[in-house]
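Report on the structure given below.
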Amino acid sequence: MSQDSDLPNPKAWPWPDSLDALLAAPAYHQLLLEDQRVRVLHTRIPAGEVVPLHTHRWGGVAYLQSWSHFIRRDERGEILFDSREAGDPPTIPCAQRVQPLPPHTVENLGPLEISMVMIEFKDRL
């Protein structure tokens, strides 16, 4: 998904609310703030752990506080993204744009915890 027109429309989100990150993977996602326009999550993934299948309905900005290589897989276990193949790792701390994500798992390959604050824009469309 490289263009905004290719992204899932959050208003016509095809996946159930039960797959929302806060419901499907609460051990890894903490709600910091939510209102009509934004939702702010703190995501923490310890080294070696796999986050259960979940979604992120809204895109926004992620502020990375710590980072390790990781693999993102779809609901069938097929690799969607392997950070080891994406070039140089980010300089920490940093901010990055993030897009809505359909059902996926995240495996932290370690050695550090992945920690980020995600600001999701609910009124994007």
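For clarity, every value in this text was computed on a predicted model and none was experimentally measured.
Checked options R72, H69, R73; the residue passing with E107 is R73 (criterion: side chain to side chain donor-acceptor pair (under 3.5 Å)).
Between the CD1 atom of I114 and the CD atom of E49 there is a distance of 11.0 Å, given to the nearest 0.5 Å. W67 contributes atom CH2, which lies 10.5 Å from atom OG1 of T91 (distance to the nearest 0.5 angstrom). Between H56 atom NE2 and W13 atom CH2 the span is 9.5 Å, to the nearest 0.5 Å. Taking OH of Y28 as the start and OG of S115 as the end, the distance is 14.0 Å to the nearest 0.5 Å.
Nearest heavy atom pair, residue Q65 against residue I92, reads O-CG2, 3.0 Å. Across all their heavy atoms, G110 and A47 have their closest contact at CA-CB, 3.8 Å. Nearest heavy-atom pair, C94 versus P90, reported as atom, atom and distance to 0.1 Å: SG-CB, 3.7 Å. The minimum heavy-atom distance linking L53 with L19 is given by the pair O-CD2, 3.9 Å. Looking at every heavy atom in both residues, L80 comes nearest to P103 through CD1-O, 4.5 Å. Between L22 and L31, the closest heavy-atom pair is CD2-N, 3.8 Å.
Scanning for salt bridge (charged side-chain N to carboxylate O under 4.0 Å, His left out) contacts around E75 gives an empty result, with sequence neighbours left out.
Grouping the Ile, Leu, Val, Met, Phe, Trp and Tyr side chains by contacts below 4.5 angstrom, directly or via other members, places I45 apart from L101. L112 is not connected to F70 by any chain of hydrophobic side-chain contacts under 4.5 Å among Ile, Leu, Val, Met, Phe, Trp and Tyr, and they are in different clusters. Linking ILVMFWY residues whenever their side-chain heavy atoms come closer than 4.5 Å, directly or via other members, leaves W58 and L41 in distinct clusters. Under a hydrophobic-cluster definition in which Ile, Leu, Val, Met, Phe, Trp and Tyr are linked whenever side-chain heavy atoms come within less than 4.5 Å, directly or via other members, L109 and I79 are assigned to the same cluster. The hydrophobic cluster containing L33 does not contain M118, counting ILVMFWY residues as joined when their side-chain heavy atoms lie under 4.5 angstrom apart, directly or transitively.
Without hydrogens or angle criteria, S68 side chain to N108 main chain gives no donor-acceptor distance under 3.5 Å. K122 places no side-chain N or O within 3.5 Å of a backbone atom of R57 that could act as its donor or acceptor partner. Judged by distance alone, the side chain of H104 and the main-chain N or O of H54 form a donor-acceptor pair under 3.5 Å.
Other residues, nucleotides and ligands place more than 12 heavy atoms under 6.0 Å from the CG atom of D74.
A donor-acceptor contact closer than 3.5 angstrom is absent between the side chains of H42 and H29.
Within the 4.5 Å cutoff, side-chain heavy atoms of F121 are placed close to those of V61.
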